[in-house]
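Structure first, then comments.
Here is how names work: the chains are called A, B, and so on, in the same order as the sequence lines, proteins then strands, and each is numbered from 1.
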Amino acid sequence: MGRLVLRRLGATVPVLLLVTAGVFLLLHLTPGDPIDVMMAESVDATVKENLRRELGLDRPLYLQYAAWMGRLLQGDLGRSIRNGEPVIENVSRRLRPSLELAVYAMTISLVVAFPVGIVSAIRRNTAIDRAGATFALVGICVPNFLLALLLIFMFGVTLRWLPISGYTDPLEEPWNGLRSLALPAITLGLALAAVVTRTLRSSLLEALAEDYVRTARAKGLSEWRVIWSHVLKNALIPVVTVLGLQLGTLIGGAVITEYVFALPGVGRLVVDAVFARDYPLVQGVVLLIAIGFILSNLVVDVLYGWIDPRIRSR
Amino acid sequence: MATTEPRATLDVSRRDFLLLCAAASGAPGASLAPRSALAADAPKRGGTLRVGFYIEAATMDPHLSGSKIDRQVYHNIYEPLVTLDVKLGIKPGLAESWQQPDPKTVVFKLRRGVKFHDGTDFNAEAARFNFNRMKTEPKSVRKGEVASIDSVDVVDAYTIKMNLKRPDAALLATLTDRAGMMVSPKVAQERGPELERNAKGAGTGPFEFVEWVKDDHLLIKRNESYWNKQGGPYLDRVRYRPIPDDTVKRQSLQTGEIDVMDYVQPRDVAAVKADRNVVVVDVPSLADFAYQLNHTRPPFATKALRQAVAYSLDLEQIVKGVWLNVGVPANGPIPPTSWAYDRSIAPIKRDLARAKAKLAEGGQPQGFAFTMTTNNIPINVQEAEVIQAQLRDAGITMKIKLVDSATLISDGNSKNFEMISYQWSGRPDPDGNTYQFYKTTQGTSLNWSGISNREIDALLDRSREVASQTERKKLFSELTKILQDELPMVFIVHPIEPKAFSPKVQGYEPIPDGMMRFKDVWLV
Amino acid sequence: MAGSIPGSDLAEGAAGLARPAAAPARAQRWKGLRRAARARLAPLGAAVVMLAVLIALAAPLVAPYDPLAQNLGNTLASPGRQHLLGTDNVGRDVLSRVIWGTRVSLLAGLVSVALAMLAGSLLGLVAGHCGGRVDGLVMRVMDAVLSFPPLVLALALGAVLGAGLTGVLLALGVVYTPTFARLMRGQVLSIAARDYVDAARALGASGWRVAARHVVPNAINPIIVQASLSVAFAILAEASLSFLGLGIQPPQASWGSMINAGRGYLQQAPWIVFGPGAALFATVVGLNFVGDAVRDALDPRTRD
């Protein structure tokens with residue numbers, strides 16, 4: 001297992017190189033520059049030129065990239081052009097709300113998906129199964145921002161059960177924090193629940209078709225019992241895969257949810273940084289998101305080995 | 001975001017708007033403030049005011065700021081030398097009085113006993129430090145605004161003398177905002193770069209900076225040793241929060257999660273006015289929303305084609321249909337709130353026959369095609385679609401290119417456009433809405449259209465030299481008429497910026513620069 | 001965001017799970033498809049999708065009004081006999097715009113997925129077939145694309161290519177490519193190890209000939225399944241990108257851009273969102289039904 005992890009970590013280096021070079025190139029091809037944005041009201045062209053020179057923005061692209069890489073190797077992600085804050089501080093502050101939201105959303109999705117998925121698999125092709133399938137589709141097929149606005153209207157404005165915008169840290173004020181993140185977590189959690197439900201149902205069905213399950217049934221065990229003691233563990237692998245892949249995405253990708261609910265997360269940070277053309281900030285955040293994504297994949301693989309020892313040998 | 005600042009709002013009928021303007025520009029003191037029956041009660045100390053903004057502030061350093069939203073915060077923690085009253089008149093701020101012994105000299109008597117929040121004294125040395133900083137700091141966005149100041153002399157501990165390079169009639173009005181705001185020299189010297197994110201101790205205003213967690217909240221608290229003992233500050237604290245989605249921001253106010261919102265979208269005005277839990281104040285703005293036409297390349301290098309576009313537009317319809325009358329059709333760059341606004345000049349009227357004649361004159365009798373570049377904001381898109389339909393009636397085909405703010409600014413600066421949206425938040429002196437846009441300039445400037453006209457240049461220079469307001473008003477009227485003919489821009493609307501409050505909020509005085517000053521605000 | 005582009009990642013998760021078809025042969029596939037047609041929800045889904053395609057093709061004939069004709073005197077009119085789905089904020093007929101929007105939305109889904117399918121399959125084939133360094137290089141690039149935040153990619157491509165549908169199509173195409181590449185590579189590796197492929201090689205068939213004759217036809221099943229599901233996600237993703245202002249340029253409309261333009265009016269005029277929202281929902285659900293049925297049919301292990 002240790003060797004596997006090491007080999008996989010080694011393979012991430014070229015991937016990260018590609019990602020950073022890709023962001024760099026794309027960003028600099030994008031029209032607009034950070035100085036123009038920052039000094040939109042300033043008439044003085046020489047001031048802007050001086051600033052560009054000071055920040056090295058007038059140098060050839062490959063030199064700028066090399067300089068950035070050089071600092072990175074010394075552990076320095078640079079500073080935001082817009083307000084001079086170190087990128088690493090900026091991102092680490094944003095990571096907490098994003099992680100909390102992701103975990104919250106996953107919890108909601110599991111709470112919903114497990115009963116629905118299991119019942120759908122046992123009562124396959126019945127009305128219950130089809131109701132479950134429909135529910136799953138609703139979760140996937142409604143655009144996220146629309147779902148968010150509908151939830152706000154229903155639970156925030158009409159029923160007034162939950163706050164509709166802003167962030168309170170659940171680790172500091174558990175009750176208020178959980179309330180403040182409830183609607184965004186439901187928004188993300190429903191779509192996720194839909195995927196988990198489908199995945200779980202189909203992997204359960206697959207596992208139920210295996211020989212050992214037939215044996216267990218032949219021994220006269222109830223269907224529930226069969227599922228609980230023989231099938232569920234094997235059926236978990238794909239679910240873990242889906243969740244693992246989603247964790248990476250949720251942390252850097254919940255842009256629209258963070259935007260609508262005014263949460264200070266990583267997703268909003270990266271999009272705002274792109275709009276401000278804050279190059280070091282975008283590069284830093286994208287690099288960290290990519291690392292997070294790769295790590296969560298790695299964790300998934302390790303979990304595989306733990307759930308199903310047969311995979312370890314591969 | 002910086003130039004494309006305000007997006008206007010409230011549903012006000014035309015008549016209401018004119019009344020408002022009258023209130024703002026003529027009627028004595030009365031302001032629009034006390035709105036509820038409780039207003040007669042004595043102000044009460046205490047409480048936290050929760051304010052919702054549409055975007056996040058950019059920096060806490062007033063000398064480096066290029067964003068309107070920053071100013072909303074500054075006007076509570078920093079103070080300028082002079083300030084505006086509800087009629088846009090100039091009144092004392094950190095300067096108690098001023099004199100102009102000759103057109104190129106201004107002497108300010110500074111207020112005594114004012115301390116920065118870090119405990120250091122505000123005095124003549126501090127003022128001189130600030131102006132030098134604005135003129136020399138590499139990232140200063142104020143350079144253009146203080147360009148007419150040659151040097152600042154310390155006459156005595158509380159008197160400064162400004163030596164000007166040339167007469168500048170707009171200078172005092174400019175000093176009512178960021179260019180006049182005083183930052184603690186100690187903070188600027190010791191924590192210069194950090195000041196952008198942390199303004200602790202930096203100002204003299206009624207509130208002190210506490211903390212700023214980006215994209216989450218910005219907190220300020222009452223300055224217990226504020227120099228002005230009349231009135232407030234009453235509030236314990238003010239908590240600003242950026243809520244980027246307009247609908248969510250409005251709903252947050254309606255459900256009581258915030259007490260104030262900076263701006264109500266026109267489409268929401270009716271709903272908000274009907275809500276008993278919300279009080280709406282229509283604040284006329286200084287803004288000027290227009291489209292710059294590129295004079296340096298076809299098709300709009302041809303004057304007749306610029307005019308063809310202008311005569312094809314129906315401003316009444318745009319203001320009614322898109323802005324829902326939360327604003328008035330523009331006759332030029334100067335808003336109705338300004339003393340320089342000339343009511344006798346009508347906005348350009350739609351006249352398709354004339355537009356067709358101009359098309360023929362410009363050598364395009366069958367019409368022509370061009371691209372409009374505009375910001376990707378719902379109301380801009382809607383306005384662009386309406387303009388597109390109006391131009392189609394005259395045989396002109398307009399394509400719409402939607403871009404983000406960074407691209408818009410870059411396209412404008414590099415003159416990479418044919419027609420481009422320009423939404424200027426406005427300045428109290430008409431100079432701030434005109435000079436930098438129409439004066440002949442080399443290289444990049446806000447004169448994106450590239451207009452270069454000797455008559456206009458002469459008028460603009462003259463308007464800075466003349467001291468008399470009556471004289472200046474005549475010059476700006478003349479300028480407006482020429483602009484309507486030369487068309488560096490097609491002018492669309494002067495928006496109103498409605499702000500909405502919880503009924504608990506008392507004592508807000510709407511000054512037409514749109515800034516929310518909370519010194520005398522209290523909570524019931 | 002997680003919902004839309006995340007669609008791509010959801011799809012990615014599903015792709016990782018798709019198992020190679022156990023048996024080769026075209027006959028098997030057709031048998032599978034017949035089975036799919038028998039599944040209960042599939043005909044319904046297929047009908048909805050067919051209807052959407054027909055509406056898209058016949059838009060000029062079926063739209064009651066010019067989708068661009070404005071009437072500022074009749075904005076936000078509620079649904080009624082004149083305008084079945086009401087009018088929008090500049091007085092355009094919502095139904096007509098939904099009908100014309102069908103073209104754009106379907107096109108967005110189909111073109112972006114077709115791009116991804118072509119590019120991804122080709123890359124996967126090359127990687128799986130050549131192995132070694134080529135394989136390593138291609139798959140590292142695919143990993144890089146996967147770990148790139150999709151929204152940043154879309155934002156940047158949109159800005160580079162100029163706003164418009166092209167940028168969005170390309171961005172979605174790039175985002176979905178690794179899914180197909182991984183899938184195809186996996187298929188190639190597993191099929192190449194089978195006896196009949198060895199036999200073909202032994203008979204002297206060249207490597208690429210084997211690939212073309214034996215590997216590709218057998219690998220195509222999961223690709224088709226993945227594609228049918230991806231189209232649904234791509235349509236959703238286009239809608240979410242329009243939330244950030246990317247995509248179709250006004251005055252033309254896609255369902256996503258209509259929902260986005262209407263979201264500020266959710267309380268006053270919900271029909272602006274309801275029309276395109278319902279169309280989007282029905283189509284995406286229909287595509288999912290079809291995709292699921294095809295998958296069940298082609299993968300013998302999930303058959304009952």
Side-chain angles (χ1 to χ4, degrees), chain A residues 11 14-16 18-19 22-23 26-27 29-32 105 124-125 130 133 137-138 140-147 149-150 153 187-188 191-192 195 198-199 202-203 205-206 209 238 241-242 245-246 248-250 252-258 267 270-271 274-275 282 286 289-290 293-294, chain C residues 1-10 12-14 16-17 19 40-41 136-137 140-141 143-153 155-157 159-160 162 232-233 236 239-240 243-244 256 259-260 263 266-267 273 277 280-285 288-289 292 295-296 299 301-304:
Chain A
V15 174
L16 291 178
L18 282 166
V19 170
V23 191
L26 269 178
L27 267 183
L29 285 175
T30 308
R124 56 191 164 275
N125 296 333
R130 274 192 290 275
L137 280 174
V138 173
I140 302 183
C141 300
V142 177
N144 210 284
F145 61 90
L146 197 54
L147 182 61
L149 292 176
L150 291 174
F153 187 62
T187 305
L188 292 175
L192 198 54
V195 184
R198 286 163 57 119
T199 312
S202 69
S203 62
L205 285 182
E206 238 176 77
T241 315
V242 170
L245 289 170
Q246 286 297 304
T249 319
L250 280 178
V255 178
I256 292 175
T257 307
E258 288 174 4
V270 70
V271 170
V274 171
F275 282 138
V282 180
V286 168
I289 291 177
F293 184 84
I294 291 169
Chain C
M1 126 66 258
S4 62
I5 292 262
S8 75
D9 299 283
L10 304 181
E12 163 58 24
L17 301 172
R19 300 289 168 93
R40 295 211 186 163
L41 292 172
L137 179 69
R140 287 300 82 74
V141 173
D143 287 347
V145 173
L146 268 184
S147 48
F148 209 99
L151 269 182
V152 175
L153 189 71
L155 278 176
L157 275 182
V160 173
F233 290 124
L236 273 174
S240 291
F243 179 91
L244 291 175
I259 294 174
N260 186 43
R263 79 191 151 93
L266 212 50
Q267 263 160 287
V273 168
L280 179 78
F281 183 72
T283 308
V284 173
V285 169
N288 268 289
F289 282 167
D292 281 352
R295 175 167 58 191
D296 284 353
D299 183 351
R301 303 182 61 173
T302 56
R303 264 182 233 157
D304 295 335

**Request:** Work out which heavy atom in Ser240(C) is nearest to a heavy atom in Ile256(A); give both atom names and the distance.
**Result:** O-CD1, 3.6 Å
**Fill in**
Smallest heavy-atom separation, Ser147(C) atom then Val15(A) atom, equals OG-CG1, 3.8 Å
**Asked** Side chains of Phe148(C) and Leu26(A): does their closest heavy-atom pair fall under 4.5 Å?
**Response** yes
**Complete:** So, the part of Leu146(A) with a heavy atom under 4.5 Å from chain C: the answer is side chain
**Complete:** So, the part of Pro14(A) with a heavy atom under 4.5 Å from chain C: the answer is side chain
**Prompt:** Do you know which two heavy atoms are closest between Arg263(C) and Leu149(A), and how far apart they sit?
**Reply:** CB-CD1, 3.6 Å
**Message:** Report which part of Val274(A) has an atom under 4.5 Å of a heavy atom belonging to chain C: side chain, backbone, both, or neither.
**Reply:** side chain
**Portion of Val141(C) that has a non-hydrogen atom of chain A nearer than 4.5 angstrom** = both
**Prompt:** Taking all non-hydrogen atoms of both residues, which atom of Leu18(A) and which atom of Ala144(C) are closest, and how far apart?
**Reply:** CB-CB, 3.7 Å
**Fill in**
Nearest heavy-atom approach of Ala156(C) to Thr30(A) is O-OG1, 4.0 Å
**Request:** To the nearest 0.5 Å, tell me how far Leu146(C) CG sits from Ile294(A) CD1.
**Result:** 9.5 Å
